[in-house]
Amino acid sequence: MGLFDRLRTDALYNTGAVVQRTGVPADTFRAWERRYGLPAPARTLGNQRLYSDRDIATIDWLRDQTRAGLSISQAVRQFRAADAVDPLPPTATPAERDNVVEGGADTRMSGFLDEVVRAMIDYDAARASRAVEEALALLPIEDVCLHLLQPALYEIGHRWARGEVGISTEHFASAFVIRKLGALFNLSQPEQGRGPIVATCLEGEMHEVGLLLTCLFLSRRGFSILYLGPNLPLDDLVKTLRRVRPPLVLLSASTPPAAVQLAAASRDLKAHFSTPLSPYVPVIGYGGYVFVQHPDLRDEVDGIFLGRDADEAAARIDEVLAAA
Amino acid sequence: MGLFDRLRTDALYNTGAVVQRTGVPADTFRAWERRYGLPAPARTLGNQRLYSDRDIATIDWLRDQTRAGLSISQAVRQFRAADAVDPLPPTATPAERDNVVEGGADTRMSGFLDEVVRAMIDYDAARASRAVEEALALLPIEDVCLHLLQPALYEIGHRWARGEVGISTEHFASAFVIRKLGALFNLSQPEQGRGPIVATCLEGEMHEVGLLLTCLFLSRRGFSILYLGPNLPLDDLVKTLRRVRPPLVLLSASTPPAAVQLAAASRDLKAHFSTPLSPYVPVIGYGGYVFVQHPDLRDEVDGIFLGRDADEAAARIDEVLAAA
Amino acid sequence: MGLFDRLRTDALYNTGAVVQRTGVPADTFRAWERRYGLPAPARTLGNQRLYSDRDIATIDWLRDQTRAGLSISQAVRQFRAADAVDPLPPTATPAERDNVVEGGADTRMSGFLDEVVRAMIDYDAARASRAVEEALALLPIEDVCLHLLQPALYEIGHRWARGEVGISTEHFASAFVIRKLGALFNLSQPEQGRGPIVATCLEGEMHEVGLLLTCLFLSRRGFSILYLGPNLPLDDLVKTLRRVRPPLVLLSASTPPAAVQLAAASRDLKAHFSTPLSPYVPVIGYGGYVFVQHPDLRDEVDGIFLGRDADEAAARIDEVLAAA
DNA sequence: ATAGGTTTTGTCAAGCTTTTGTACAT
DNA sequence: ATGTACAAAAGCTTGACAAAACCTAT
């Protein structure tokens, strides 16, 4: 059904096609849009309207109601009321869903996990991709990330540590997972949302999977993310913060040296912005496995520790920014 | 079915025959090709167009859609969306196509390019994404990569060099483009194909856009790619080669030190595999802008230089592996 | 169906009758024959064309296709494509055809020739291949071999002699042509036929293009060929002859020493088989450019000189074995 | 609903090359 | 019958334009 939906939203119609399909004059439904914001078609770069199948269905419905004697304003009100009962993207918050599904999901997921790990060891991107797609069709994105993609990467990492597979396998798996996460991230970028949140790894730090995962989850929770990727010099981060003024900055480190650098950066940032002249000070959130292994490193950082995994981090950020 | 297909694709029609069969004036579908790259007929040595049965079916479909009120641009868009799910090889080879479309597509592309660059400077991933999606729906993937994504990155790079934007913008743009390329790469991984080809940047080298682009194009040409991403130690590459035995290894470098390291690695690899006992020696293909700026560096490398851009590289590799 | 075909090809019409039956002006289908070798009518002793029912059907078909908007070149191309799957013997014998087509075909061929030579100099096998395929779709195999592949090789040879290209270009071109000829040879191996004929170059002789060409033509004339390739020791040839007992052995030499060796071998073979106990003695046919340059060398050989080129050789062999 | 703007798209023209039917001279 | 020649036909590219479609605002 996901695929079907994808296709249907890809089918876009120009004004003329909508007129042929609905029998409603263009001026009419353009007036509806102007006065009531319904339908709400997308636009091309040339500013032409692009109607989806759903928009056409909406116009059909409005036309039928007016024919049945309803005024357009009443029809729109009824449409909105019906829509509130059966909202289109029924996105429960991920946290709620995880609690419910988790027990069952792990069982169901293990089959996919085996397949993905085996496919990765065989360098078979197509097979791994097929397994992931299948999992995505059955389970929410968050579950697939937390209980399939990340465990697969951990499993490969462990096997590498035990000398069972080479680092190439780890690279391949990592590149694969990053590509997948990137694709999911692209899909879930909200039009506008809370935030924005700036996310990056500082200069020298290359391990971006955890950060990308957190960003994906935040994006799914409706946050707008400004993802700057790995290896960013501190100076440039400062400039960006000054321009964008995000309420939160996310930093991630995976090795002790990177953690130390992150800690120094956090203090520099705070010092930099905490002047009488500057009313703006960004909150700093940080994470990374190194801070789980060496909790004492957290003491050096001037910011909020986001927890042991991306899921926890996203929940923590949600809280922090809801409070603010 | 293979034989049938062979026959059908061998049936080629000149422009006049297509006019008789579809009822669409030649000027019209030539304009479609000029503006949207669809259909994409092959050519004779005398530069006359040769349409396949598939091309004729395409024109028929487009004609029917326009009769149903769709504008030609939206018809093309829907055709491409359906085609992405169940792609068929174009009549013309990619190299031929690129030459043809460039002129017309560039004009059409410039609007997208402006929008993407502006969106990037505003750190507006959603807006940039929308523009890229629109371009992808209207124009072939190859064109979008070469004439939109890469130029956008160059433009941002130039503005950074001129001090007009910060390095964060460059990072943001780079992360965005890599995510997009990764997504396209995922879409076009063929079930089985020629190859496999192993692609990586060696330890220390982080600039993977060019390599990823080349891999995407190769993937679209039907090659199976084993993408190991940036920062891979040589030892691990050797182990992988020994296990996978790809006919070709792709290496990329962007800085002089990385180029020197690549050169040393190429010689090591050759020395490693060129023993009387080893019947297998992988071909090494390499590229990266540093080899264009400093051609003398090529002399140090024991491998095939793949040219100045991803398109050239993909064509070159196609040749090399066809000859083998 | 075999009987039917036999009868149909026996019915012969002169040019005027064909005009009456097809409604196509004589000039027109003679131009088709001149430019594309289709149809290929037989001839009277006075050199008048004699069209079979099949030729008339061919002309009818071509006329219908052009009425349907196809250009004559594409109609021929489609005819040949269908014919490759289910080939029928042409009315005229290859020798007759070759003489007829030469003049006109050369003009048409020169475009292909330029392209192939240029592609070879660029080491672009794919481009060269494309040009050859196109020529094969438009013209009979014999023409393509004699007026495209062989001239291309000569042209490259001359340029090498003039120092315009390196010896690697010559090697590349030679390997390319041998591959192409080999592929055509594979395609045209008849199920069963006259023969078999054993063909080889003796130890030390590596120049196999002429021999391969002759074998291809013989194969197209319905002979079954046992191609042993270059560099065969005499002993092994003897063993093979004893086992296969072919009515004819083909030998080829390109240099004076190879010619001397060939002469000695011919005498040895004759001596070997001409014993009272042996009822079987193979006929020896030989050729190669060295025997054209130094006709006196022919005196040393105990066999039949096959003429100055592959075409002549094939015709000569046809005669010899028809008489036997 | 109309007016006055922009964008999109089918069509055409000019100037060129390639292809192809027909005519002519040998 | 053959080979050459030639002119008409068909194709190609670039650039342009005007009608159609679409947009906003009155």
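In what follows, chains are A, B, ... by sequence order, proteins preceding strands, each numbered from 1. Scope of the values below: all heavy atoms of this structure, side chains included, with no hydrogens, waters or symmetry mates. Since the structure is predicted, the reported quantities are computational estimates derived from the model, not experimental observations.
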Counting only side-chain N and O atoms of [X], is one of them less than 4.0 Å from OP1 or OP2 of [N]?
X	N	value
Ser73(C)	dT20(D)	yes
Gln48(C)	dA1(E)	yes
Thr15(B)	dA10(E)	no

Between [N] atom [atom2] and [X] atom [atom1], what is the distance in whole Å?
X	N	atom1	atom2	answer
Glu134(C)	dT18(D)	CD	C1'	13 Å
Leu50(A)	dT8(D)	CG	C1'	13 Å
Phe112(B)	dT7(D)	CZ	C1'	13 Å
Ile72(C)	dG11(E)	CD1	C1'	17 Å
Arg63(B)	dG10(D)	CZ	P	13 Å
Asn14(A)	dC22(E)	CG	P	5 Å
Leu62(C)	dG21(D)	CG	C1'	14 Å

*Which heavy-atom pair separates Pro151(B) from Leu146(B) by the least distance, and what is that distance?*
CD-O, 3.0 Å
*asked:* On a heavy-atom basis, which atom in Phe29(A) and which in Pro39(A) lie closest, and how many Å separate them?
replied: O-CD, 4.2 Å
*asked:* So for the helix from dA1(D)-dT26(E) to dT26(D)-dA1(E), with five pairs setting each end axis, what is the inter-axis angle to 10°?
replied: 40°
Sidechain N-carboxylate O distance under 4.0 Å for [X], [Y]:
X	Y	result
Glu33(A)	Arg43(A)	yes
Lys180(B)	Glu133(B)	yes
Arg118(B)	Glu155(B)	no
Arg130(B)	Glu115(B)	no

*Where the side chain of Arg49(C) is defined as all heavy atoms beyond and including C-beta, which of dC12(E), dC22(E), dT2(E) is the nearest nucleotide?*
dT2(E)
*Among dC23(E), dT13(E), dT19(D), which is the nearest nucleotide to the side chain of Asn47(B)?*
dT13(E)
*Of the residues in residues 20-44 of chain A, which ones touch DNA chain D at a heavy-atom distance under 4.0 Å?*
none
_Along DNA chain D (nearest heavy atom to each residue), the more 5'-positioned of Leu45(B) and Thr66(B)_ = Thr66(B)
*Go through Trp32(C) and Ile59(C) one step at a time and tell me if the side-chain contact (heavy atoms from CB on, under 4.5 Å) criterion holds.*
CA-CA 9 Å; Trp32(C) 294 351; Ile59(C) 295 174; 4.3 Å; yes
*Is the side chain of Gln65(B) donor-acceptor paired with the backbone N or O of Gln78(B) at a distance under 3.5 Å, no angle test?*
no
*Would you confirm whether Asp60(A), through its side chain, and Ala57(A), through its main-chain N or O, come within 3.5 Å as a donor-acceptor pair?*
no
